[in-house]
Amino acid sequence: MPRHTSFRFCLDLSVEQERVLSRHVGAARFAFNQALRLHKDARSAAYRGQPQKAGTGPDGAQHGDSGVPGVRVPWSGFDLVNAFNAWKRSAAAGRRFLVDAAGQTQIHVTGLVWRDQVLAQVFEEAAVDLGRGLKAAADSLARSRKGPTVRFPRFKKKSPTSGSFRIRNKIGKGRSSIRVGDGDRPRSVTLSKIGTLRVREDTRRLRRMIATGRARIVFVTVSRGASRWWISITVEAADLHPAMRHTPRRAGAPSQVVADDIQHGGQGWVGVDRGLHALVVAGASDGVEVLRADNQRAMRRGLPRLRRLAQAVSRKEKGSKNRQKAVARLGRQHARIRNRRRHVLHQVSNQLVKNHDRLVLEDLNITGMRSNRTLSRAISDAAWGELARQITYKQAWRDGHVLLADRWFPSSKTCSACGALRKGLTLKDRTFECGECGLALDRDLNAAVNLAAWAENHTLTTRAGTAAEGAGCGAARVGDRQAAGPVTNAYRQDTPTHHTPPGRGGKGLDEVGTSQTAPTA
């Protein structure tokens, strides 16, 4: 099954090439704003119940029905592309008044006169992006989209230091419109109507994949930021070599799964605990720590210089050249912090997916956790969501498995040896000490071990027979209510962590058939 990946290079441009790319960035911004204006005009006309005037809206194209005769509101990317194409050739986009010798005046429709100076795909892709934004906002309003609330798209402002545009790859007469290393210039990317752009990095790996048929260019994205131009080439690549992928596991009885674990070096599920003191602590169900990565705190390390540069920007006069230079220095510092964080995340995710084929992560409510003003900056600096995203797609490339533990499972407060629950655990307690069995273990390692045992209980028991055979016998250690058999009159799946006092609109833990002691295996 083909996979999509991207290669990002830094461009080495001349002054003329920077002007051409800036023109395309401005065209993408203009197309996005104009398509949004057409959408709003159509909605206003539909709200007033008036048909649109010719040349002022997306007439002549197939759009979403607004319920008013003669008024069509474009919502999808396809409708917005048709609406913009109809507008850019109309008199509303451009016209001339011609006066002959007799004094008679004629109107000559020119449309958007500079549309031939840029690629038409830039307009189309900008309208497609707007269509995705409109759909995301509508789904978020209808509560059919997960995650934070998505607002209605807004007009893009003109900026001399940011912006991007996208170009699709087209193959005509056996030649691609986007070529890498064309001619005798290996460090170059050739785009239609733009020309050959030099890049600073080596493109050998991408050129070999394209030459051997293991990759096909889909589109490229040219962006501007931190006083540099970047090009991201998205390709449809072949699957990884079998030697770089994990050996598939056999599905069957627990004894067969245990035999496969022995064949793989005794490796089963590995729990990955993400934190602030240590970025990642990975451990197996037998209590062995397999990986520990310290939190580099890129934002915290670069914050003093970031503050000085931000203060320097505020002292400059708005609109001056010195302010532009100060803003560029501030942007480079932000990019430096972002690159440090991204480098560490890729290193950690690569080490996890290369050495372990089955990983279990916590289903963290990161958006809700960021509401804590004390820890909001530290949580954002750790980038837990980005780390989970990298682990997920990289593990899929290698035919591995990633499992999300229940959000309400108390992995940090549960003893990995006896399953007892410690309620009074705070963030400053770095060592988990069990009052029942006397276990003293690192807090993060204890959570990782509980996650690994949770994954074993929720995979082996549902696939075959009893959990007491093989590696799934650790159900009692993590206090899993489901692994020990069906629970009747249960208040919440797994160990409950939110307790409602009796007599206040809820039931206590003893009243709903659950208890704090772990079930016997």
Side-chain angles (χ1 to χ4, degrees), residues 2 4 6 24-93 111-112 115 118-157 163-171 177-178 192 216-223 232 234-236:
H4 289 82
S6 298
H24 282 76
V25 169
R29 177 189 58 83
F30 175 82
F32 183 93
N33 292 342
Q34 183 58 35
L36 181 58
R37 187 175 293 107
L38 294 176
H39 172 81
K40 287 189 171 183
D41 291 345
R43 292 184 63 179
S44 299
Y47 179 77
R48 295 191 303 265
Q50 301 174 358
Q52 287 182 315
K53 298 180 181 179
T56 60
D59 44 344
Q62 184 70 24
H63 307 302
D65 192 0
S66 62
V68 180
V71 179
R72 296 282 184 174
V73 179
W75 280 93
S76 64
F78 181 79
D79 296 342
L80 291 168
V81 169
N82 291 339
F84 183 83
N85 289 337
W87 173 85
K88 71 180 182 181
R89 299 183 181 91
S90 64
L112 203 61
R115 65 178 184 268
V118 297
L119 283 169
Q121 297 182 22
V122 175
F123 299 131
E124 298 174 0
E125 294 299 321
V128 170
D129 291 340
L130 175 60
R132 294 173 181 172
L134 292 174
K135 184 179 184 303
D139 294 343
S140 180
L141 183 62
R143 301 299 177 89
S144 61
R145 176 187 174 92
K146 297 181 180 180
T149 304
V150 179
R151 297 185 300 179
F152 190 81
R154 295 179 295 179
F155 293 102
K156 293 185 178 181
K157 65 178 182 179
S164 64
F165 65 92
R166 188 170 59 251
I167 300 176
R168 300 187 307 272
N169 185 27
K170 293 185 177 180
I171 300 178
S177 60
I178 302 175
S192 59
R216 180 181 65 87
I217 300 178
V218 181
F219 58 84
V220 299
T221 302
V222 180
S223 59
S232 180
T234 302
V235 300
E236 187 182 69

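In this text the structure is predicted, and so the values were computed from the model without any measurement. By convention here, the first residue in the shown sequence is residue 1.
Side-chain contact check for V150 versus R145: some heavy-atom pair is nearer than 4.5 Å. Contact annotation: the side chain of L112 approaches that of F30 to within less than 4.5 Å [non-hydrogen atoms, C-beta and beyond].
The number of heavy atoms from other shown groups lying within 6.0 Å of NZ (K135) does not exceed 12. When the shell of 6.0 Å around CZ of R37 is examined, it contains more than 12 heavy atoms from other residues, nucleotides or ligands.
In terms of modelled atom types and a separation under 3.5 Å, the side chain of S144 and the main chain of D139 share a donor-acceptor contact. N33 places a side-chain N or O within 3.5 Å of a backbone atom of K156 that can act as its donor or acceptor partner. Panel note: side chain N169, backbone I178; a donor-acceptor pair is recorded below 3.5 Å. Between the side chain of S140 and the main chain of A136, no donor-acceptor pair closer than 3.5 Å is present. At distances below 3.5 Å, not a single donor-acceptor pair connects side-chain atoms of T234 with backbone N or O atoms of V218. Distance alone, capped at 3.5 Å, is enough to place a donor-acceptor pair between the S90 side chain and the W87 backbone. With R29 contributing its side chain and V25 its backbone, the two residues share no donor-acceptor pair below 3.5 Å.
To the nearest 0.5 Å, atoms CZ (R154) and CG (L36) are separated by 11.0 Å. Interatomic distance, R72 CZ to N82 CG, rounded to the nearest 0.5 Å: 13.0 Å. The structure places CZ of R43 at 4.0 Å from CH2 of W75, a figure rounded to the nearest 0.5 Å. Atoms CG and CD1, from L119 and I167 in turn, are 5.0 Å apart once rounded to the nearest 0.5 Å. Here H39 contributes atom NE2 and L134 contributes atom CG; the two are 4.5 Å apart, rounded to the nearest 0.5 Å. Atom CD of Q34 is separated from atom CG of L130 by 11.0 Å, given to the nearest 0.5 angstrom.
Closest of all the heavy-atom pairs between G131 and L80 is N-CD1, 3.5 Å. Taking all atoms of both residues into account, the shortest heavy-atom contact from A126 to A28 is CB-O, 3.4 Å.
The aromatic rings of F123 and F84 are tilted relative to each other, their planes meeting at an angle between 30° and 60°.
Under a 4.0 Å N-O distance rule, the pair D129/R166 qualifies as a salt bridge.
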